[in-house]
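Notes follow once the structure below has been shown.
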Amino acid sequence: HNVSRAQVLLELNSGLGSYELALELNGTETQQRLAVDVVCPPPMLPLPGDRSCGCEAGFEPTEFGECVPCAAGYYKTRRSMDLCDPCEVGFVQPAIGQRQCVPCARGTFQASRGMEECAACGPGTSSDVGSWRCTDCLPGSYATGGEPQCLPCPPGSATDKEGQAECTFCFPGWYAGVGFTECRKCGFFDQ
């Protein structure tokens, strides 16, 4: 009784699913059939069309065929074999395993990619949502730093410069309304 062992290497281009293989010996088909299920090795999952496998959104593959969460500052929007992408400037991601990044709030910014948190705008500046830089406050307004927006100078003060952390109070006999760029002299003018 002769027992022979054969190692069969298959390349299935048709993708995932169940197959029945027919065995041949010397060109003659035998009665033996072999059922084969082609599946994704966990934790990989089928990609659309069931042609191949990939890691879920928020996860990236390792060289060992594992799926690990995207690091903080990174994201992945869909199931694939792609690596996670760094958050763009103006966006951050403090948590791991995420599908998207979040924009920096008003009064904060992030000038680098792949970051976990936004930085507060400095004195005399502010920003819109999702900013990569802060801009100077306009004349007639100020910011001490980190406010959602530049604030108008309060009554009795003014500034005619950009990027101010405070407004200058008017001298006695002078006045200013909200957001004034200069103090004005009190009293009537001769015609």
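Atom set for the values below is all heavy atoms of this structure, side chains included, hydrogens, waters and symmetry mates excluded.
Note that CD of Glu162 is 9.5 Å distant from OG1 of Thr135, once rounded to the nearest 0.5 Å. Interatomic distance, Asp160 CG to Leu138 CG, rounded to the nearest 0.5 Å: 13.0 Å. Rounding to the nearest 0.5 angstrom, the gap separating the CZ atom in Phe59 from the NZ atom in Lys76 is 9.5 Å. Rounding to the nearest 0.5 Å gives a distance of 12.0 Å between OH of Tyr142 and OG of Ser126. Rounding to the nearest 0.5 angstrom, the gap separating the OG1 atom in Thr144 from the CG atom in Leu151 is 7.5 Å. Rounding to the nearest 0.5 angstrom, the gap separating the CD atom in Glu60 from the CE atom in Met81 is 10.5 Å.
Qualifying side-chain contact (heavy atoms from CB on, under 4.5 Å) partners for Trp174, counting only residues two or more places apart in sequence or in other chains: Cys170, Phe171, Cys183, Lys185. With sequence neighbours excluded, the residues satisfying side-chain contact (heavy atoms from CB on, under 4.5 Å) with Tyr175 are Phe180, Arg184, Cys186.
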* Assess whether side chain to side chain contact (heavy atoms under 4.5 Å, CB included) is satisfied between Cys55 and Met44, documenting all intermediate values. => CA-CA 5 Å; Cys55 292; Met44 299 257 180; 4.2 Å; yes

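In this structure, Ala72 and Ile96 approach most closely via the heavy-atom pair N-CG2, 3.7 Å. The shortest non-hydrogen separation linking Cys137 to Thr125 is SG-N, 3.9 Å. The minimum heavy-atom distance between Cys70 and Tyr75, with the atom names listed, is SG-C, 3.7 Å.
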Which atom pairs, donor and acceptor, lie under 3.5 Å between side-chain atoms of residues 106-123 and protein residues at least two apart or in another chain?
residue, atom, partner, partner atom, Å
Arg106, NE, Pro148, O, 3.2
Arg106, NH2, Gln149, OE1, 3.0
Thr108, OG1, Ala105, N, 3.1
Thr108, OG1, Ala105, O, 2.7
Gln110, OE1, Ser112, N, 3.0
Gln110, NE2, Glu117, O, 2.7
Arg113, NE, Glu88, OE1, 3.4
Arg113, NH2, Glu88, OE2, 3.2

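Checked by atom type and distance alone, the side chain of Thr159 never pairs as donor or acceptor with a backbone atom of Glu166 at under 3.5 Å. When atom types are taken as modelled, the side chain of Gln93 and the backbone of Gln100 share a donor-acceptor pair closer than 3.5 angstrom.
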